[in-house]
Colleague: 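To start, I am sharing the structure in question, which I have written as structure tokens.
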Amino acid sequence: MTSVARPPSLSAEPAVIHVTVSDPRVRPLLRELGDEYSTRYGRDAHAELARYPDEEFTASHGGVLLLLLLHGEPVAGGAFRRYDEITAELKRIWTHSAHRRRGLARRVVAELEREANARGYRRIHLTTGPRQPEARALYLATGYTPLFDTEADPESIGPLPFEKYLPDAPPQGEAAGL
């Protein structure tokens, strides 16, 4: 009798881990994001990923970087950094190219929101590029408010800003100090 090796089950629930940018498991995230941005925007986007110092994505600076691991391998991830006293800014939302269309990006966003809320943030801010319709759809589907004209050509807007007040957040006027 011969045994046939089976691929690992994809029905397993990915584990969530907090990491630093220097963790080797972050390399696929940064590589794929850089390649994808470069393909969509026609220029080397790896510099965009280096725009913020790595420490901005650490707890001591008000941020976090997390990965979803499936069988020990990174399949999705994302980060936030301090935008202001009440606001976290989502950055680097990523799903491995071999694991898309499985709801992992939604899970990353939910984990980042949960973590931001636990750290006292009351609002999330983010931008996505005009050539990333799947990211735009993700943020709209997960309750983010577009801060742009959704009827306008995205290319005429530039980066598309969104915001979301977290569930435990005070009313908008109160959060804004009004």
Colleague: Check Y83, F80, Y139 against H125 for a ring pair (Phe, Tyr, Trp, His ring centres under 6.0 Å) and give me the one that passes.
Modeller: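 Answer to the ring pair (Phe, Tyr, Trp, His ring centres under 6.0 Å) test with H125 among Y83, F80, Y139: Y83.
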Colleague: Does the distance from a Lys or Arg side-chain N to an Asp or Glu carboxylate O, for E73 and R25, drop under 4.0 Å?
Modeller: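 Judged by the 4.0 Å cut-off on N to carboxylate O distance, E73 and R25 do not form a salt bridge.
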Colleague: What is the distance from atom CD of E85 to atom CZ of R122, rounded to the nearest 0.5 Å?
Modeller: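 That separation rounds to 12.5 Å.
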Colleague: Looking at E36 and R100, is there a salt bridge between them, counting it only when a charged N and a carboxylate O are closer than 4.0 Å?
Modeller: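 Answer for the salt bridge query: yes.
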Colleague: Testing the basics here: between P130 and E155, what is the closest heavy-atom pair and its distance to 0.1 Å?
Modeller: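 Scanning both residues, the minimum pair turns out to be CB-N, 3.9 Å.
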Colleague: Just how far is it from atom CZ of R123 to atom CD1 of I86, taken to the nearest 0.5 Å?
Modeller: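 Those atoms lie 6.5 Å apart.
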Colleague: Does a salt bridge link R40 with E134, judged by any charged N lying under 4.0 Å from a carboxylate O?
Modeller: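 Judged by the 4.0 Å cut-off on N to carboxylate O distance, R40 and E134 do form a salt bridge.
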Colleague: Could you tell me which non-hydrogen atom of P14 sits nearest to which non-hydrogen atom of L68, and how far apart they are?
Modeller: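 What the structure gives for the nearest pair is CB-CB, 3.9 Å.
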Colleague: Run V26 and R92 through side chain to side chain contact (heavy atoms under 4.5 Å, CB included) and show every step you take.
Modeller: CA-CA 11 Å; V26 176; R92 302 176 180 170; over 6 Å; no
Colleague: When clusters are formed by joining ILVMFWY residues with side-chain heavy atoms under 4.5 Å apart, either directly or through shared neighbours, do I157 and L147 land in the same one?
Modeller: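 Different hydrophobic clusters.
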Colleague: If we ignore hydrogens and angles and just use 3.5 Å, is the side chain of Y41 paired with the main-chain N or O of R131 as donor and acceptor?
Modeller: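 Checked: pair present.
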Colleague: Go through the steps for T145 and Y165 under the test side chain to side chain contact (heavy atoms under 4.5 Å, CB included), then give the verdict.
Modeller: CA-CA 9 Å; T145 301; Y165 283 84; over 6 Å; no
Colleague: Begin from the C-alpha positions of E89 and Y121 and carry the test side-chain hydrogen bond (donor to acceptor under 3.5 Å, both in side chains) through to its verdict.
Modeller: CA-CA 10 Å; E89 180 181 19; Y121 290 112; over 6 Å; no
Colleague: Has E32 got a side-chain atom pairing as donor or acceptor with S97's backbone, closer than 3.5 angstrom?
Modeller: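 Side chain of E32 to backbone of S97, a donor-acceptor pair under 3.5 Å: yes, one is there.
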Colleague: So do the side chains of L66 and I17 get within less than 4.5 Å of each other, counting heavy atoms only?
Modeller: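 No, side chains not in contact.
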Colleague: For the backbone of D84 and the side chain of T87, can you confirm whether one donor and one acceptor N or O come within less than 3.5 Å of each other?
Modeller: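 Side chain of T87 to backbone of D84, a donor-acceptor pair under 3.5 Å: no, none is there.
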Colleague: Please report the closest heavy-atom contact between T95 and H99, naming both atoms and the distance.
Modeller: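 Shortest heavy-atom contact: CG2-O, 3.4 Å.
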Colleague: Search all heavy atoms of G129 against all heavy atoms of L160 and return the closest pair with its distance.
Modeller: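 Residues G129 and L160, closest heavy atoms: O-CD1, 4.1 Å.
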Colleague: Could you walk me through whether L140 and F162 pass the side chain to side chain contact (heavy atoms under 4.5 Å, CB included) check?
Modeller: CA-CA 9 Å; L140 290 171; F162 290 86; 3.8 Å; yes
Colleague: Looking only at non-hydrogen atoms, find the nearest pair between P159 and T127 and report the distance.
Modeller: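 Answer, listing the atom of P159 first, then T127: CB-CB, 4.1 Å.
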Colleague: With the side chain counted from C-beta on, respond yes when H18 and L65 share a heavy-atom pair under 4.5 Å apart, and no when they do not.
Modeller: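 Side-chain contact under 4.5 Å: no.
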Colleague: Taking side chain as C-beta onward, heavy atoms only, is I93 less than 4.5 Å from L33?
Modeller: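 Answer no - side chains too far apart.
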Colleague: Using atom types as modelled and distance alone, determine if a side-chain donor or acceptor of K164 lies under 3.5 Å from a backbone N or O of T142.
Modeller: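 Yes, K164 side chain to T142 backbone: donor-acceptor pair under 3.5 Å.
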Colleague: With a 4.5 Å limit on heavy-atom distance, are the side chains of V75 and L69 in contact?
Modeller: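 No, every pair of side-chain atoms sits at 4.5 Å or beyond.
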Colleague: Looking just at side-chain N and O atoms, do D23 and T20 make a donor-acceptor pair shorter than 3.5 Å?
Modeller: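 No.
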Colleague: Measuring only between side-chain heavy atoms, which start at C-beta, is V64 closer than 4.5 Å to L112?
Modeller: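 SC-SC contact between V64 and L112 confirmed.
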Colleague: So does G63 get a backbone contact from the side chain of H61, meaning a donor-acceptor N/O pair under 3.5 Å?
Modeller: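 Side chain of H61 to backbone of G63: no pair is present.
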Colleague: With side chains defined as the heavy atoms from C-beta onward, is the minimum distance between P154 and F148 less than 4.5 Å?
Modeller: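 No, their side chains stay 4.5 Å or more apart.
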Colleague: Side chain to side chain contact (heavy atoms under 4.5 Å, CB included) for R107 and E13? Distances and angles first, verdict last.
Modeller: CA-CA 11 Å; R107 170 99 188 270; E13 186 71 16; 2.8 Å; yes
Colleague: Between E55 and S60, does any side-chain donor sit less than 3.5 Å from a side-chain acceptor?
Modeller: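 Short answer, no.
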Colleague: Show the nearest heavy-atom pair for residues A76 and L104, with the distance to one decimal.
Modeller: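 Looking at all heavy atoms of both residues, the closest pair is CB-CB, 3.9 Å.
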Colleague: Would you mind checking if E56 and R51 are paired as a salt bridge, meaning a charged N to carboxylate O distance below 4.0 Å?
Modeller: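 Result for this pair is no, no salt bridge flagged.
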Colleague: To the nearest 0.5 Å, how far apart are CD in E113 and CD1 in I124?
Modeller: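 Interatomic distance, E113 CD to I124 CD1, rounded to 0.5 Å: 6.0 Å.
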